[in-house]
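Here the structure comes first, spelled out in structure tokens, and everything after it is commentary.
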There are 2 protein chains.
Amino acid sequence: MRLEVLPVEGIGDVRPGDDLAAAITAAAPWLRAGDVLVVTSKIVSKAEGSLVDVPIDGDERVVARDEVLRAETARPVARRGQTRIVQTHHGFVMASAGIDASNVDRAHLVLLPKDPDASARALRTTLRERHGLDVAVVISDTMGRPWRNGLTDVALGAAGIPAIRDHRGEVDPYGNELSITQMAVVDELAAAGELVKGKCAQVPVAVVRGYLDPPLPEADGDGAAVLVRGADQDLFSLGTAEARAEGLRAAARLSDHGQPPFPALDELNLEKALTRALATITPGSTATFAADLLPGDGDRMGRCRVVCRPADSTGAALVSLGADVQRLRAALAAEGLGSMMETTEDGHGPHVVVTVR
Amino acid sequence: MRLEVLPVEGIGDVRPGDDLAAAITAAAPWLRAGDVLVVTSKIVSKAEGSLVDVPIDGDERVVARDEVLRAETARPVARRGQTRIVQTHHGFVMASAGIDASNVDRAHLVLLPKDPDASARALRTTLRERHGLDVAVVISDTMGRPWRNGLTDVALGAAGIPAIRDHRGEVDPYGNELSITQMAVVDELAAAGELVKGKCAQVPVAVVRGYLDPPLPEADGDGAAVLVRGADQDLFSLGTAEARAEGLRAAARLSDHGQPPFPALDELNLEKALTRALATITPGSTATFAADLLPGDGDRMGRCRVVCRPADSTGAALVSLGADVQRLRAALAAEGLGSMMETTEDGHGPHVVVTVR
């Protein structure tokens, strides 16, 4: 197997209503069955009219841009300075929701295509039905990623090619089952296309030849949507600073209700968790804490209560006890443990019982 | 410009001490000046002896594997179930520190090369000096990434090619400065290489031809190390669950010291921040809070104090006041505001003054 990656030059400026299939086949009469077309999302957006009018400068431009960003945002993810990382309505996590002010006149912003998989399918259908071409289509855009500098192109949409190459169940020559099972090949095709698009001026389409063997299946497949991982499945659904602030706010909301705000990170070991929580709050506290651990039986997790007594019976010591108890509950919540507090009184005076559950 | 991506077949099994340059040139006598060799890190590790002995099964294997992971980890990043995402000593953020048990016998684990840029430079030098080949080298490995399903290949090391193609200062045909400035081209080359390596059995090297024009510069360049983004620069340096727990623990540690545990997310507006903090804690509180805002003058940010009074003067109400004050301080910390608390007394009885700073 050998691949060729070829630029499609001479497509020129694309305007709303333009026929992309006609523009691509005119510029690349050499296209043939089995080719994968890697099409920059921007020309798809332009052809589909996914543009918004904005003032060409001044504060009005900034305000308009902010409004467009808000409309394109399904969920804010992280921010720092002017950078806004958001999840779009498609599910993509991108800086500025993929809104782009380059390669367009100052009076417009280019949005992402409304449904990039549908765009890929429509282009593929037109190429087949009107131009007799049996090809696959990948709609690409440029994204950053955590942990690594520099951007790469990835796939927003796909038709005629599975987004993922699945090695599950394959075995290596040593008899080990392969641990790397699912390769996002449409992202790799987008990256390969960018290598030729980015080095030439004004090349919005590249062709990868040799990856697929014609005839291609008629079905378009599931598209690039399968690459989108939902926030509930993602270990990095929020920026670190945003998630820390969420933790602090959760501590601020810990009042009467007894549920932990977030699930435990580790398998719960009540005794270890309690020890860690007490170690966290002991510095800076004058109260005393006596933990009473009732081991669990069978399926039932152990329970415990912590009797928290003030340094003395002055008003200041009681207020301080309340603050320390609240700190203990935050530390328990960090372990995934819910708690309740109850103020009571005995021969030694007022004190608090924290029940962990 | 057109690229070819070609597999190097027939390299066979690689063992510690093997001469990779000799193995590659024997398998690919067709290599020529300007080629970019994309070399799977695993064969580099094997040739360099970056392997560790492990028991072939049982609990001992699990324990040994955990120990190896610990040794390869510079910083834990996120975990869920059996998944461990860590930052390696190189700075890469990868599942299981890139340790691999596939394509190796059961008695060994393959670690990442100790210094992949140095490995790339050494291989390039040998190819030039002993085989007369003027090529660039990329050492690749497979990584996952947040927000998207499926894995892609990226570059761990590079020599003879800049890791990043920099468009800064370039202008589009409309006169806009390009917003996408730095492309991680060695990652895109690694991805292009994977397309041919992954579809063939046992192909650890691919060649990208046509991307560079010979003669190549003699200098090896900065390597792939420039792609590593430090945790301090990264918006996603910790998993969401880990960062939330950090926020809860920070709330638990808020005792006498007055510094906020984390910087503010937004430009600070004291009045808005205070209003949000009070709104967060009011549900579930029986205390009363009277805020007193002293506006800032010039460069100096405004200051404020909040007088917090208990529902009544019973011990239970004082304990509850302490808890509520601690919740207020956590809510203020979520806004990036430090605070101090002081218990005092006046004609109305004991109360707390929270000073924000």
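Naming: A, B, ... by sequence-line order, numbering from 1 per chain. Because the structure is a prediction, the values reported are computed rather than measured.
With sequence neighbours left out, Tyr211(A) forms a ring-ring contact (aromatic ring centres under 6.0 Å, His included) with no residue at all.
The closest donor-acceptor contact from the side chain of Arg229(A) to the backbone of Arg148(B) lies under 3.5 Å. Judged by distance alone, the side chain of Asp234(A) and the main-chain N or O of Trp147(B) form a donor-acceptor pair under 3.5 Å. At distances below 3.5 Å, not a single donor-acceptor pair connects side-chain atoms of Asn103(B) with backbone N or O atoms of Asp172(A).
No other option in Val154(A), Ile164(A), Asp324(A) has as many heavy-atom pairs under 4.5 Å with chain B as Val154(A). Most heavy-atom pairs under 4.5 Å with chain A, from the set Val203(B), Leu189(B), Leu265(B): that is Leu265(B). Contact tally against chain B (heavy-atom pairs below 4.5 Å) for Arg106(A), Arg244(A), Arg249(A): the top residue is Arg244(A). Interface summary for chain A: among Thr83(B), Ile281(B), Thr152(B), the most heavy-atom pairs under 4.5 angstrom belong to Thr152(B). With chain A as partner, the option from Asp187(B), Val77(B), Val186(B) having the largest number of non-hydrogen pairs under 4.5 angstrom is Asp187(B). Heavy-atom pairs under 4.5 Å with chain A peak, among Gly198(B), Ala78(B), Pro350(B), at Gly198(B). Of all the listed residues (Glu194(A), Met1(A), Arg145(A)), the one sharing the greatest number of non-hydrogen pairs under 4.5 Å with chain B is Glu194(A). In terms of heavy-atom pairs under 4.5 Å with chain B, the best-connected choice from Gly150(A), Gly193(A), Ala184(A) is Ala184(A). Considering only heavy-atom pairs separated by less than 4.5 Å from chain A, the leading option among Thr344(B), Leu321(B), Asp13(B) is Asp13(B). Comparing Glu170(A), Glu246(A), Arg80(A) by how many heavy-atom pairs each has under 4.5 Å with chain B, the most go to Arg80(A). For chain B, the option among Val228(A), Val207(A), Val104(A) with the highest count of heavy-atom pairs below 4.5 Å is Val104(A).
Within 6.0 Å of CD on Glu342(B) lie no more than 12 heavy atoms contributed by other residues, nucleotides or ligands.
The closest side-chain heavy-atom distance from Leu235(B) to Ile85(A) is below 4.5 Å. Here the side chains of Pro261(B) and Leu248(A) are in contact, with some heavy-atom distance below 4.5 Å. The shortest distance between side-chain heavy atoms of Asp153(A) and Glu188(B) falls below 4.5 Å.
The structure places CZ of Arg327(A) at 9.0 Å from CZ of Arg329(B), a figure rounded to the nearest 0.5 Å.
Neither the backbone nor the side chain of Ser320(B) comes within less than 4.5 Å of any heavy atom in chain A. Only the side chain of Phe262(A) comes within contact range of chain B, judged by heavy atoms closer than 4.5 Å. At a 4.5 Å heavy-atom cutoff, Val325(B) makes no contact with chain A through either its backbone or its side chain. Interface remark: Leu227(A) contributes backbone and side-chain atoms alike to the contact with chain B (heavy atom separation under 4.5 Å). Proximity to chain A (any heavy atom under 4.5 Å) is restricted, for Arg165(B), to the side chain, taken from C-beta onward. In this structure, the portion of Gln202(B) lying under 4.5 Å from any heavy atom of chain A is its side chain and not its backbone.
Thr240(A) and Leu238(B) get closest at one heavy-atom pair: OG1-N, 3.0 Å. Shown here for Ala245(A) and Ala334(B), the closest heavy-atom pair between the two residues is O-CB, 3.8 Å. In terms of heavy atoms, Pro146(B) sits closest to Pro146(A) at CG-CG, 3.7 Å. Counting all heavy atoms, side chain and backbone alike, Ala316(B) lies closest to Thr343(A) at CA-CG2, 3.7 Å. Closest heavy-atom contact between Thr280(B) and Arg253(A): CG2-CG, 3.8 Å.
Of the residues Val208(B), Leu195(B), Leu6(B), the one that meets the side-chain contact (heavy atoms from CB on, under 4.5 Å) test with Leu3(A) is Leu195(B).
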Problem set entry | Chi angles and distances behind the salt bridge (Lys or Arg N to Asp or Glu O under 4.0 Å) call for Arg209(A), Glu4(B) | CA-CA 9 Å; Arg209(A) 177 166 289 171; Glu4(B) 285 180 283; over 6 Å; no

